[in-house]
Amino acid sequence: MNIEEKIQLIEEGTLEVIDTEELKEVLEKEQPIAYTGYEPSGKIHLGHAVTVQKLKQLQKLGFKIKILLADYHAFLNGKGTIEEIAETAEYNKKCFQALGLDETTEFVLGSSFQLEPDYTDKVYQLATMTTLKRARRSMDQVSRADDNPKVASVIYPIMQTVDMAALEVDVALGGMEQRKIQMLARENLEKIGENVPVCIHTPLLHGLDGDAKMSSSKGNYIAVDDSVEVISKKIKKSFCPQGEVEGNPMIEIAETFVFPNQDTLLIKRPEKFGGDIELTHDELIKDFSEGNLHPMDLKNGIKDFLIEFFAPVREFMEEN
RNA sequence: CCCGCCUUAGCUCAAUUUGGCAGAGCGUUGGACUGUAGAUCCAAAUGUUGCUGGUUCAAGUCCGGCAGGCGGGACCA
């Protein structure tokens with residue numbers, strides 16, 4: 001596979017790669033490093049899985065993958081005591097492994113290096129050159145709602161910036177909510193003479209309730225290790241307007257998880273509604289938007305797919 | 001360090017004036033209607049009223065102390 005083909009593959013399913021020229025250079029390295037940082041979270045859900053899926057792809061393309069279990073970031077974001085978060089991080093690590101990242105994947109706990117003098121020195125340097133407004137603005141989509149925002153919320157993006165230097169990453173992958181932090185990081189890393197990574201952003205999934213973002217705090221997610229019963233229940237309750245493709249979480253799941261992994265989606269239907277059908281991406285979009293595919297049938301297809309798709313995760317979680 | 005104000009359901013807030021069964025909206029849950037969900041109707045659940053001591057037959061409400069938050073003042077050789 002040549003570099004052009006690799007780039008095309010990498011850009012698939014992403015909103016932006018900043019920027020493509022730089023990615024070309026990165027791909028010429030022997031083993032470039034790609035990373036994503038995750039705040040340890042009670043549940044690893046489909047939203048997380050979007051980036052994990054992209055990491056798996058990068059891994060296959062020869063990237064060294066580092067996953068930052070960002071315990072201090074979660075702490076700064078008010079997610080609990082550092083001990084509680086460490087426990088959640090252990091569980092999350094299992095989830096990520098269960099999702100199929102191979103054994104070369106490096107899991108790094110934030111606190112294992114974020115207290116080093118050299119790290120701290122860089123944080124202070126950046127603190128002197130980052131305005132409060134810019135730092136806070138970068139946290140728009142990331143920080144937990146707080147009537148009394150803490151100083152922690154402006155340290156957060158600065159640390160995220162230094163993480164990229166400390167982990168020596170060539171590619172920083174994240175959801176679109178990370179964009180402002182990532183852009184700030186690119187500017188700031190340049191200022192302190194560090195390598196500026198390529199930033200890749202994936203789309204955010206709508207919540208199952210049709211809300212703009214799937215998130216564990218809103219409970220509008222499907223976790224990668226949800227039981228068959230829970231998946232079924234959540235899909236049943238999901239928002240799914242007839243004939244509407246835009247912002248429809250079921251369509252999004254199909255486009256994000258089904259079709260990148262298989263050519264068709266099998267939908268089981270009672271005979272009186274037309275019997276079973278197997279649809280390609282284009283057929284599904286066409287049928288659904290024209291009203292020839294009922295939302296309940298789409299839901300059942302998605303449900304069956306997710307149950308099977310995440311079966312290995314449930315098995316892994318039980319064995320480990 | 002001083003002064004003032006705020007803290008009530010998951011969220012936003014009412015009830016404080018004059019002490020008298022702690023409420024609404026949103027959200028949640030359940031039902032009706034739809035071959036899904038949503039919308040719309042109908043119904044239900046939910047409280048250590050920040051903590052603590054006191055006054056009173058009775059305290060969310062009055063008094064004292066504490067904690068957290070917000071605002072102001074003072075200090076600035």
Side-chain angles (χ1 to χ4, degrees), chain A residues 39 41-43 45-47 74-82 84 88 132-133 136 139-156 177 203-223 226-259 264-279 281 283-310:
Chain A
E39 280 185 34
S41 162
K43 281 291 173 188
H45 54 65
L46 294 180
F75 177 70
L76 291 171
N77 210 355
K79 301 284 173 69
T81 66
I82 201 78
E84 288 164 352
T88 308
L132 278 173
K133 279 193 177 177
R136 288 189 60 174
M139 293 292 288
D140 275 355
Q141 310 290 316
V142 176
S143 70
R144 172 164 273 208
D146 189 349
D147 289 338
N148 302 301
K150 306 297 187 293
V151 174
S153 71
V154 296
I155 297 174
Y156 188 118
E177 83 284 357
L204 299 181
L205 290 181
H206 282 78
L208 297 177
D209 54 1
D211 195 276
K213 189 188 173 194
M214 181 176 287
S215 75
S216 22
S217 55
K218 287 182 197 142
N220 58 8
Y221 62 86
I222 287 177
D226 270 345
S227 68
V228 172
E229 294 73 32
V230 170
I231 292 175
S232 305
K233 199 178 165 199
K234 286 179 175 174
I235 292 289
K236 178 182 178 329
K237 287 187 58 179
S238 291
F239 179 70
C240 186
Q242 178 147 24
E244 230 172 272
V245 170
E246 280 305 309
N248 186 324
M250 295 305 112
I251 297 286
E252 265 182 14
I253 291 172
E255 293 189 318
T256 312
F257 295 104
V258 178
F259 296 115
T264 58
L265 176 66
L266 174 66
I267 293 176
K268 290 185 181 160
R269 281 193 305 198
E271 279 306 322
K272 65 169 171 174
F273 296 129
D276 297 358
I277 37 166
E278 200 164 342
L279 301 172
H281 171 266
E283 288 167 348
L284 183 141
I285 297 299
K286 183 168 184 289
D287 280 7
F288 189 76
S289 54
E290 287 176 357
N292 296 325
L293 179 64
H294 191 275
M296 197 171 183
D297 296 324
L298 172 61
K299 279 187 171 184
N300 282 330
I302 295 294
K303 182 192 73 182
D304 292 341
F305 168 81
L306 287 177
I307 286 171
E308 195 190 326
F309 189 65
F310 288 127

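In the text below, chain A, chain B and the rest are named by the order of the sequence lines, each starting its count at 1. We use all heavy atoms of the structure for the numbers below, so side chains are in, but hydrogens, waters and symmetry mates are not.
- Put simply, the side chain of Asn77(A) never gets that close to the backbone of Tyr156(A): no donor and acceptor are under 3.5 Å apart.
- Taking atom C1' in both rU40(B) and rG20(B), one finds a spacing of 40 Å when rounded to whole Å.
- The partner of rU56(B) is absent, by the rule that a Watson-Crick or G-U pair needs both atom distances under 3.5 Å.
- Residue contacts shown for Lys299(A) include a base, since a base heavy atom lies under 4.0 Å away.
- Inter-residue side-chain proximity for Thr264(A) and His281(A) is flagged as unmet; no heavy-atom pair is nearer than 4.5 Å.
- Residue Lys272(A) is out of contact with every strand shown, counting any heavy-atom pair closer than 4.0 Å.
- For the P atoms, the distance from rU7(B) to rU12(B) is 12 Å, rounded to whole Å.
- Rounded to whole angstrom, the span from the NZ atom of Lys150(A) across to the P atom of rG68(B) amounts to 12 Å.
- When both distances must be under 3.5 Å, the Watson-Crick or G-U wobble mate of rA74(B) does not exist.
- Across all strands, Asp297(A) comes closer than 4.0 Å to base atoms (heavy-atom distances).
- One P atom belongs to rG27(B), the other to rG38(B), and the distance between them is 11 Å to the nearest Å.
- Nucleotides rC33(B) and rC26(B) place their P atoms 23 Å apart, quoted to the nearest Å.
- Rounded to an integer number of Å, the gap from NE2 of His294(A) to P of rG38(B) is 14 Å.
- Using a cutoff of 4.0 Å between basic side-chain nitrogens and carboxylate oxygens, Asp226(A) and Lys234(A) are scored as salt-bridged.
- Rounded to an integer number of Å, the gap from CG of Asn220(A) to C1' of rG38(B) is 15 Å.
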Chi angles and distances behind the salt bridge (Lys or Arg N to Asp or Glu O under 4.0 Å) call for Lys286(A), Glu290(A): CA-CA 6 Å; Lys286(A) 183 168 184 289; Glu290(A) 287 176 357; 3.6 Å; yes
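- Rounded to whole angstrom, the span from the NZ atom of Lys303(A) across to the P atom of rU36(B) amounts to 15 Å.
- rU29(B) is paired with rA43(B) under the Watson-Crick or G-U wobble criterion, all donor-acceptor distances under 3.5 Å.
- Note: CE (Met296(A)) to C1' (rC33(B)) measures 15 Å, nearest angstrom.
- Look at CZ on Phe239(A): it is 6 Å from C1' on rG38(B), rounded to the nearest Å.
- Ser41(A) and Ser216(A) share a side-chain donor-acceptor pair at under 3.5 Å.
- Taking atom P on both nucleotides, rC66(B) is separated from rC2(B) by 10 Å, rounded to a whole Å.
- Rounded to whole angstrom, the span from the CE atom of Met250(A) across to the P atom of rU36(B) amounts to 15 Å.
- Summarising the base pairing, rC5(B) is matched to rG69(B) through a Watson-Crick or G-U wobble pair whose two defining distances lie under 3.5 Å.
- Separating the NZ atom of Lys237(A) from the C1' atom of rU36(B) is a distance of 13 Å, rounded to the nearest angstrom.
- Comparing Gln242(A) and Pro149(A) against RNA chain B, the residue whose closest nucleotide sits nearer the 5' end is Gln242(A).
- Nearest approach of Thr88(A) to Gly42(A), heavy atoms of both residues: CG2-N, 3.9 Å.
- rG64(B) and rC21(B) have their P atoms separated by 25 Å, with the value rounded to a whole Å.
- Nucleotides rU61(B) and rG54(B) place their P atoms 14 Å apart, quoted to the nearest Å.
- When the P atom is used for both rA67(B) and rC57(B), the distance is 32 Å, rounded to whole Å.
- With RNA chain B read from its 5' end, the first of the two nearest nucleotides for Lys233(A) and Asn300(A) is the one closest to Lys233(A).
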